[in-house]
Amino acid sequence: MELTPESAWDQCLEIIRDNVPRQSFKTWFEPLKPLRLEEEDGVRKLTVQLPSQFYYEWLEEHYFALVRKTVTKVLGPQGRLFYDIVIEKESTDGYEGASMHVPASRPSVDVDYEPTGVAAQQQPFYAPPGGTAVGGAHPFAIPGIRKPQVDSQLNPSYVFDRFIEGDCNRLARSASWAIAQQPGATSFNPFLIYGGVGLGKTHLIQAIGNYVKQHRRAETVLYVSSERFTTEFVQAIQHNRVSEFSLFYREIDLLIVDDIQFFGGKEKTQEEFFHVFNSLHQAGKQIVLSADRPPREIKGIEERLLSRFQWGLTADVQQPELETRIAILQRKAEDDGIEFDPSIIDFIAHNIKSNIRELEGALIRLLAHATLHNREIDMPLAREVLRDLIKEGRVNLSIEEIQRITCEYFGIPDDLVRAKTRKREVVQARQVAMYFCKEFTQHSLKTIGLHFGGRDHSTVIHGIQSVENQAETDSGFADRLAEIRRKLELHSR
Ligand code: ADP
Ligand code: MG
């Protein structure tokens with residue numbers, strides 16, 4: 001079937017969707033529009049439209065490897081993606097557009113991490129196209145003469161330099177660092193990190209890999225999830241290639257296996273892994289593992305494997321403390337060259353506690369909204385955009401509490417906001433309280449109105465609008481709003 005710009009881009013999106021978190025997909029990929037698909041001197045060019053320069057930089061910084069591989073996959077080796085950056089600015093007489101046409105993907109950077117959807121359709125590690133990965137390592141060949149060329153599957157952005165240390169991860173980080181200096185030569189072999197999702201396990205174990213790869217070029221590093229290990233092993237059995245599979249793994253100098261809880265209950269795979277483990281360990285090769293819980297709590301792991309894990313070091317990662325959360329956010333913002341008001345960082349760090357991936361997600365979402373809607377990153381935007389993320393973490397204020405705190409600020413008895421009076425200072429307190437009810441509660445405008453002496457929802461809309469208008473034109477009033485908001489926040493924790 002003939003490809004159109006839309007169908008080509010749709011196919012790309014399908015692959016991308018499988019390779020990035022849902023939120024990032026919505027933020028960074030959904031807003032892009034396919035424009036043209038052209039062929040020139042055998043090169044197939046797909047052009048998509050981006051809303052801003054910032055998008056371009058973000059995509060290049062974070063997703064160029066994925067984008068490049070995806071486009072090659074969909075359009076073939078001669079496929080290229082181009083971005084049209086169209087900046088739409090609202091002006092009094094319509095839109096003022098500025099536009100720029102740029103190619104995607106900096107060609108100079110070495111890409112060596114595989115997006116999963118693409119990798120899934122590729123050859124297994126032990127049998128890459130064009131020959132055997134284990135090179136001269138046939139059982140009867142002289143070992144060590146030809147090193148295998150292994151794609152280490154590392155994400156180049158997971159490095160120590162970008163990993164923030166805190167009490168929550170100190171042991172895991174220092175052990176990782178020590179191992180990276182001397183893989184296989186410390187007593188931390190195997191090294192296993194365990195802990196809940198989004199706490200930096202994958203980042204740390206890959207940081208070891210990236211470091212070793214950079215400083216010891218002769219050594220073969222492989223990062224593999226336990227799922228991929230399992231799938232490839234099963235396929236190897238089906239295709240009668242188990243010995244190739246085994247040989248491949250025995251050639252690795254630093255083997256990193258992520259999320260080993262998936263080995264639970266898979267006896268055959270565990271047996272194979274057990275042999276790989278023994279053979280590497282005996283040869284002084286480093287083994288690094290991660291799991292989502294202490295190994296003893298993983299169901300269906302054989303005792304002999306568990307006892308092997310005890311030979312080395314097991315370290316956990318915990319939920320980050322407030323200071324670490326702040327440091328991580330500051331660092332991420334810095335890395336992306338964005339300046340955030342400290343109060344925004346503080347707000348996110350106070351409200352998102354459980355997991356670093358969510359912390360990052362919040363920041364990205366905020367940035368994206370600001371760019372998309374051409375708005376400043378300020379507290380109202382942060383509150384609005386992150387509302388559903390922080391909902392669970394905070395105690396909701398009731399409408400009555402909001403009325404009480406607001407009236408206290410204005411120095412009037414709080415039953416007046418529910419009464420019929422139209423005195424100026426009461427009207428103002430009433431409207432401000434309505435405004436904050438919308439911001440701080442999940443109630444409908446109708447319900448809010450009912451709590452203000454049975455007023456209807458259009459009165460609430462009018463009230464909220466008056467507050468917004470006044471805040472825009474009167475900075476003294478905006479300051480007073482901010483002050484009330486701080487008081488409410490104190491109560492909402
Ligand atoms: P896990 O494997 O434990 O589920 P990840 O390693 O995938 O968690 O981490 C989730 C995200 O949070 C990644 O983008 C990672 O870079 C980031 N992250 C985790 N811990 C830290 C940290 N200490 N400093 C900076 N970024 C971190
Ligand atoms: Mg992980």
For this session: Check the side chains of S225 and D259 for a donor-acceptor pair under 3.5 angstrom, ignoring hydrogens and angles.
Result: no
Problem set entry | More than 12 heavy atoms of other groups within 6.0 Å of E267 CD | no
Exercise. Taking atom types as modelled and ignoring hydrogens, do the side chains of Y211 and Q181 form a donor-acceptor contact shorter than 3.5 angstrom?
Worked result: yes
Exercise. Does the ring center of F262 lie less than 6.0 Å from the ring center of F229?
Worked result: no
Exercise. When you check the gap from the basic side-chain N to the acidic O, do E232 and R228 get nearer than 4.0 Å?
Worked result: yes
Problem set entry | Check: L222 and I256 side chains under 4.5 Å, non-hydrogen atoms | no
Problem set entry | T324 and E321: side chain donor to acceptor below 3.5 Å | yes
Problem set entry | Salt bridge K332-D335, side-chain N to carboxylate O under 4.0 Å | no
Problem set entry | K213 with E219: basic N within carboxylate O range, under 4.0 Å | no
Problem set entry | Residue pair E251 / T220, side-chain heavy-atom distance below 4.5 Å | no
For this session: Compute whether any side-chain donor of one residue and acceptor of the other, for D84 and T47, lie under 3.5 angstrom apart.
Result: no
For this session: Could you please spell out the steps behind the side-chain hydrogen bond (donor to acceptor under 3.5 Å, both in side chains) verdict for S246 and E272?
Result: CA-CA 8 Å; S246 307; E272 178 62 28; 2.8 Å; yes
Exercise. Are any non-hydrogen side-chain atoms of P320 and L199 less than 4.5 angstrom apart?
Worked result: yes
Problem set entry | Residue pair Y194 / D292, side-chain donor-acceptor N/O under 3.5 Å | no
Exercise. NZ of K438: more than 12 outside heavy atoms within 6.0 angstrom?
Worked result: no
For this session: May I ask you to check whether Y63 and F29 place their ring centres under 6.0 Å from each other?
Result: yes
For this session: Say whether S444 and T447, considering side chains only, have a donor N or O and an acceptor N or O under 3.5 Å apart.
Result: yes
For this session: Compute the centroid of each ring, for W28 and then for H62, and state whether the two points are separated by less than 6.0 Å.
Result: no
For this session: State plainly whether the residues E39 and K45 are in salt-bridge range, i.e. N to O under 4.0 Å.
Result: no
Exercise. Do other residues, nucleotides or ligands put more than 12 heavy atoms under 6.0 Å from R296 CZ?
Worked result: yes
Exercise. Can E360 and R357 be counted as an ion pair, charged N to O under 4.0 angstrom?
Worked result: no
For this session: Mind checking the CD-CG spacing from E334 to L329? Nearest 0.5 Å is all I need.
Result: 12.0 Å
For this session: Indicate the ring-plane relationship of H281 and F277, choosing parallel, tilted or perpendicular according to the 30° and 60° boundaries.
Result: parallel
Exercise. Can a donor-acceptor pair be found between the side chains of E401 and S398 at a distance below 3.5 Å?
Worked result: yes
Problem set entry | Stepwise side chain to side chain contact (heavy atoms under 4.5 Å, CB included) test for I252 and K285 | CA-CA 8 Å; I252 307 294; K285 306 298 173 63; over 6 Å; no
Problem set entry | Worked verdict on R80 versus V71 for side chain to side chain contact (heavy atoms under 4.5 Å, CB included) | CA-CA 7 Å; R80 298 283 179 276; V71 167; 5.6 Å; no
Exercise. Does a side-chain heavy-atom distance below 4.5 Å link L366 with F340?
Worked result: yes
Problem set entry | Lys/Arg N to Asp/Glu carboxylate O, R44 vs E38, below 4.0 Å | no
